[in-house]
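Quick notes on the structure that follows.
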Amino acid sequence: MLDIQKIREDVEGVRQGILNKNVTIDFETILKLDQTRRDVISEVEVLKHKRNLVSKEVATRKKNQADASDLIDRTREIGGRIKALDDQQRETEVKLEECLMQIPNLPHDSVPVGSDASENPVIKAWGTRFEPDFNLKTHLEIGESLKLFDFPRGTKIAGPGFPLYTGKGARLERALINFMLDFHIDEHGYTEVLPPVVSDRKAMTTTGQLPKFEDDMYKIPQDELYLIPTAEVPVTNIHQGEIIPEEDLPIRYCAYSSCFRREAGSYGKDTRGFLRLHQFNKVELVKFTKPQDSYSELEKLRRDAEEILEALGLEYRVIELVTGDLSFAAAKCYDIELWAPGEDTWLEVSSCSNFEAFQARRGAIRYKPEGGGKVQLLHTLNGSGVATPRLLVALLESYQQQDGSVVLPEVLGPYMGSAGLHLE
RNA sequence: GGAGACGUGGCCGAGUGGCUUAAGGCGGCGGCUUGCUAAGCCGUUGAACGUUCCGACGUUCCGUAGGUUCGAAUCCUACCGUCUCCGCCA
């Protein structure tokens with residue numbers, strides 16, 4: 001949510017920023033609602049002040065056994081008008097809030113202006129291309145021959161997009177999750193949390209999934225809960241409604257969770273194997289920072305994700321998203337993509353974003369400055385560190401051998417245990 | 001799932017319709033004291049919104065939402081949450 005005060009003060013600047021995100025908003029209606037709201041508040045506050053004074057006078061007279069019926073009549077009349085104005089205020093605020101909830105976050109000044117993903121600049125590349133002199137297999141071919149997963153049976157249980165990992169494939173999935181968690185906890189100083197995989201409407205609204213993207217999520221109507229599309233939702237909401245002492249910042253959480261996405265509207269796109277799923281595993285990084293620190297923390301966050309890929313020896317590149325490709329809640333975002341030699345393509349495994357105060361305002365997440373300054377909104381950030389399905393794809397395809405087996409990188413040794421690093 | 005108890009500021013806790021402008025304590029902050037010293041004394045203490053001549057002023061907030069009333073932390077209704085007991089259960 002944007003600051004209504006900022007909209008009031010610089011509507012043209014806001015309009016242009018939102019336009020750069022390819023969104024058009026009717027700001028005139030918003031400003032009118034804002035004006036109405038303030039007018040009504042002014043009026044009702046005068047009346048309430050009057051009521052308070054007269055009520056006090058009633059109390060005084062009653063104490064002195066005096067008659068107060070004339071005052072009571074007057075207050076009754078004032079009370080009626082207050083009720084009407086209170087209703088009007090509530091109505092106006094609901095409408096205003098509905099409008100504000102529809103506005104995406106403003107892009108940061110440093111974000112290149114552009115209309116869509118085709119304009120996203122590549123800002124970094126790391127690693128060397130895996131180009132052996134034998135014919136490369138895709139992860140599906142590798143997985144089937146080594147019995148690492150079983151898509152037909154997964155589909156039998158829950159429909160397409162719900163993967164079933166088997167044998168050493170299941171072990172590898174678990175190894176990757178544990179490796180990434182330990183790495184972020186021990187090397188990068190994150191605090192581990194293991195959150196619920198469902199969240200309520202309020203939590204989904206804080207992070208920006210609601211009210212606009214209801215159809216993208218799995219819903220449990222009986223309990224008014226949603227399956228989380230990312231651990232970002234429950235983890236960001238850990239501090240919903242709280243005022244955090246400045247000395248506790250930054251807070252860095254690291255969380256593993258299953259993620260659930262309906263992927264509505266994307267049927268027929270990347271449907272092969274692990275490229276796009278309804279359920280997948282992800283290690284997520286979430287930060288709460290002071291406003292002045294959020295951009296340096298974004299760079300560190302991106303490094304934290306990159307280092308996972310470097311430790312696994314996988315070729316990656318970093319993309320900076322242009323304004324038109326930024327998600328609803330993001331002010332700035334980097335995507336990290338892995339090279340999948342078998343698929344012969346880049347696969348997005350991480351998205352690192354700074355939301356500035358956008359989520360904090362929706363969820364009332366604030367901090368109290370040391371030395372007693374005014375309480376203010378903090379900044380939230382998050383990034384995948386990283387999602388497993390496409391990581392698994394790149395890993396299997398990058399470490400495949402001519403004989404069809406796979407030799408995993410050494411860092412996974414402790415996690416593969418008795419299964420070993422040689423999948424055959 | 002059944003029964004009961006409870007929900008007040010950062011924390012503890014008083015408050016059963018007007019004397020509350022939420023007592024008192026703890027903690028925090030500022031100051032004074034320096035033979036009450038593992039201390040003492042004094043002062044101070046939250047959030048949101050609106051107006052503003054930037055000095056302030058006003059309104060709201062006692063789990064949440066409604067209701068009764070001239071007036072609600074206090075009475076009524078619903079919901080949410082916590083705890084205890086019973087049932088069920090990995």
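In what follows, chains carry the letters A, B, and so on, assigned in the order in which the sequence lines appear, proteins first and then strands, with residues in each chain numbered from 1. Note that this is a predicted model, so its numbers are computed, not measured.
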Now, which nucleotide makes the Watson-Crick or G-U wobble pair with [N], with each of the two distances under 3.5 Å?
N	result
B:U68	none
B:U34	none
B:C19	none

Suppose you measure atom C1' in B:G63 against the same atom in B:U45; what distance do you get, rounded to whole Å?
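Each nucleotide's C1' atom is 24 Å from the other's.
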For the C1' atoms, the ones on B:G13 and on B:G24, what distance do you get once it is rounded to whole angstrom?
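Per the computed distance, 8 Å lies between those C1' atoms.
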Which residue is it: A:Glu299, A:Glu320, A:Glu297? I am looking for the one with a salt bridge (Lys or Arg N to Asp or Glu O under 4.0 Å) to A:Lys332.
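Output: one option passes, namely A:Glu320.
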Closest to side chain of A:Ser42, choosing from B:C49, B:U51, B:U59:
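Between B:C49, B:U51, B:U59, the one nearest the side chain of A:Ser42 would be B:U51.
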Give a yes/no verdict on a cation-pi contact between A:Arg15 and A:Phe27, requiring under 6.0 Å between NZ or CZ and the six-membered ring centre and an angle within 45° of the axis.
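Negative - A:Arg15 is either too far from the ring of A:Phe27 or too far off its axis.
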Looking at [N], I'd like to know if its phosphate oxygens (OP1 or OP2) sit under 4.0 Å from a side-chain N or O belonging to [X].
X	N	result
A:Arg366	B:A47	no
A:Arg74	B:G71	no
A:His49	B:G58	no

Looking at A:Glu343, A:Gln400, A:Arg390, which hits side-chain hydrogen bond (donor to acceptor under 3.5 Å, both in side chains) with A:His139?
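So the option named by the test is A:Glu343.
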Is A:Val375 touching bases, backbone alone, or none of the nucleic acid, heavy atoms closer than 4.0 Å?
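A:Val375: backbone/sugar contact only, no base atoms under 4.0 Å.
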Would you mind calling B:G81 syn or anti? Take O4'-C1'-N9-C4 for purines or O4'-C1'-N1-C2 for pyrimidines, and syn is within 90° of 0.
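Base orientation relative to the sugar is anti.
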